[in-house]
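Heads up, the thing below is written out as structure tokens.
The sequence lines fix the lettering, A, B, ..., with proteins before strands; numbering per chain opens at 1.
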Number of protein chains: 2
Amino acid sequence: MTDLALHLDGNGPLYEQIRRAIALKITRRQWRPGDRIPFESELCAALNTSRMTVNKALQSLADDGLIVRRRKAGSFVATQQSVQAPLTIAKIEDEVAGEGKAYSYELITRTAMRAEGKLTVAGIFPRGTDVVHIRCRHLADGTPVLFEDRYISLKAVPVAGDEPFEATPPGSWLLEHVPWTEAEHAICAVSADPDLAGQLGVTVGAACLRIERRTWADDETVTFVNLTYPGHHRTLIGRFQPGQRGG
Amino acid sequence: MTDLALHLDGNGPLYEQIRRAIALKITRRQWRPGDRIPFESELCAALNTSRMTVNKALQSLADDGLIVRRRKAGSFVATQQSVQAPLTIAKIEDEVAGEGKAYSYELITRTAMRAEGKLTVAGIFPRGTDVVHIRCRHLADGTPVLFEDRYISLKAVPVAGDEPFEATPPGSWLLEHVPWTEAEHAICAVSADPDLAGQLGVTVGAACLRIERRTWADDETVTFVNLTYPGHHRTLIGRFQPGQRGG
DNA sequence: GTGATTATTATGTCTATACATAATATCTCG
DNA sequence: CGAGATATTATGTATAGACATAATAATCAC
């Protein structure tokens with residue numbers, strides 16, 4: 001088990017103090033992975049607080065994966081101590097604007113087609129689904145910062161068939177017009193082929209960062225997109241503090 | 001404002017139902033960014049529940065960035081609708097083991113040195129800080145899957161000076177021996193230089209995925225590490241559901 | 001009108017209590 | 001001893017009430 005001398009620092013709400021105190025015990029390895037931490041009732045007694053307050057602190061620790069809770073058994077320091085970082089992918093317009101640069105958008109091609117070959121082999125869309133294929137790029141002060149290669153399901157989003165996407169980036173348009181319930185991301189590095197190199201203004205073979213995103217609405221794939229950034233230029237930053245909530 | 005016809009689906013705890021119902025309104029764009037959503041008191045009355053229950057639902061929505069709450073003013077649908085994905089960086093040992101492959105580790109070099117030049121220019125360590133520089137790689141079934149280039153501050157972790165790191169990967173060792181309070185990540189793509197290409201068994205110039213991580217303990221930098229994966233092989237996946245908690 | 005003061009109000013936090021639920025421990029009967 | 005029934009217990013959820021806090025709205029003095 002564990003000893004029970006928790007130090008509350010007096011800063012901020014009580015449940016945050018309790019959360020911090022326990023998180024500190026864990027990060028300082030005084031309470032080690034697998035250890036049972038004191039019961040809610042014990043913490044209540046020791047800290048002279050109500051159970052709801054202790055419960056709020058423990059729930060938030062469980063939400064962030066620092067502890068695991070089991071009815072009747074108690075709460076335990078999580079054994080798998082992976083590093084979690086909240087990866088925030090901002091809208092590219094906001095990102096460029098945030099850097100004080102002028103955002104612009106260029107549609108390259110827009111093609112109506114039917115899903116077959118790679119698109120179905122990868123299990124993205126059912127064979128025969130009508131889709132719109134869009135290739136476009138995003139620029140900051142005239143310099144390409146993002147190449148976008150996107151497929152939109154016309155089954156899930158019929159109105160996309162009437163949208164030219166000449167002035168409106170498909171990402172923003174989709175956010176405005178279609179609800180989504182789930183998204184999955186994969187990140188990888190790719191070498192620029194001649195086409196991509198031309199679109200992004202980098203040398204052929206240059207390393208680029210790619211985010212693949214697949215978005216669903218109610219079990220139906222809405223859109224599949226490859227977002228490719230020049231590798232040297234673009235970085236994604238996350239920050240994580242185990243003893244603190246949020247980003 | 002917004003209408004107030006929330007549909008509770010009857011599945012699971014009440015606060016989750018309320019959370020889901022509101023998240024649905026937002027993702028379906030019936031309540032739009034900037035809209036004020038009903039006050040806690042209004043929701044209580046409409047749903048015939050207690051304020052604490054409604055409060056729990058709204059707090060959790062605020063935690064996940066779907067709404068913003070302001071005292072006296074009310075709660076509002078968040079205007080900046082960025083996509084958040086929980087990026088989980090597992091310990092490489094666990095990752096390899098999880099794929100059913102045999103994990104192994106190789107120390108390449110271990111050098112004691114003093115921080116200067118690039119290390120201080122980047123503001124990582126104060127000039128003159130004693131550090132240990134470790135280069136090593138991680139293999140799955142004998143194939144390199146990760147090259148690690150790490151600096152550990154001897155000021156923050158004096159015992160690292162006595163650790164050879166010949167059998168123990170520095171990442172695991174640090175997790176075991178040093179508490180940390182904050183970490184920052186950056187992700188980018190790099191081209192493999194001849195050295196890196198040799199270590200990872202890829203061709204020179206191949207695109208690789210790099211995670212830079214800087215870790216602090218109480219405002220002092222503990223370690224700075226570049227983790228480089230073969231770009232084609234390694235992907236990081238996050239999943240996110242706006243209407244649901246957790247990852 | 002304008003600035004300072006006061007009132008109002010929605011959220012933020014905390015308490016005490018109650019019952020539900022799931023997992024464990026104990027008991028009972030064959 | 002062992003399988004099944006029963007009791008126990010820590011967490012999970014929900015309630016009602018109280019006061020704190022911060023931001024807005026209203027009021028008052030000048």
Span of DNA chain C, from the first to the last nucleotide whose atoms fall under 4.0 Å of chain B heavy atoms: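 On DNA chain C, the outermost contacted nucleotides are dT8(C) to dC14(C).
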Contacts of [X] that satisfy side chain to side chain contact (heavy atoms under 4.5 Å, CB included) - sequence neighbours left out:
{"X": "Pro126(A)", "result": "Thr129(A)"}
{"X": "Asn11(B)", "result": "Asp9(B), Arg20(B)"}
{"X": "Arg28(A)", "result": "Leu24(A), Gln30(A), Pro179(B), Asp218(B)"}

Contact letters for nucleotides 12-17 of chain D, in which S counts primed atoms plus P, OP1 and OP2 and B counts the base, heavy atoms under 4.0 Å: BBBBBB
Which residues pass the side chain to side chain donor-acceptor pair (under 3.5 Å) test with [X], not counting sequence neighbours?
{"X": "Gln17(A)", "result": "none"}
{"X": "Lys72(A)", "result": "none"}
{"X": "Thr49(B)", "result": "none"}

Residues in salt bridge (Lys or Arg N to Asp or Glu O under 4.0 Å) contact with Arg137(B), at least two apart in sequence or another chain: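 Residues passing salt bridge (Lys or Arg N to Asp or Glu O under 4.0 Å) with Arg137(B): Glu106(B).
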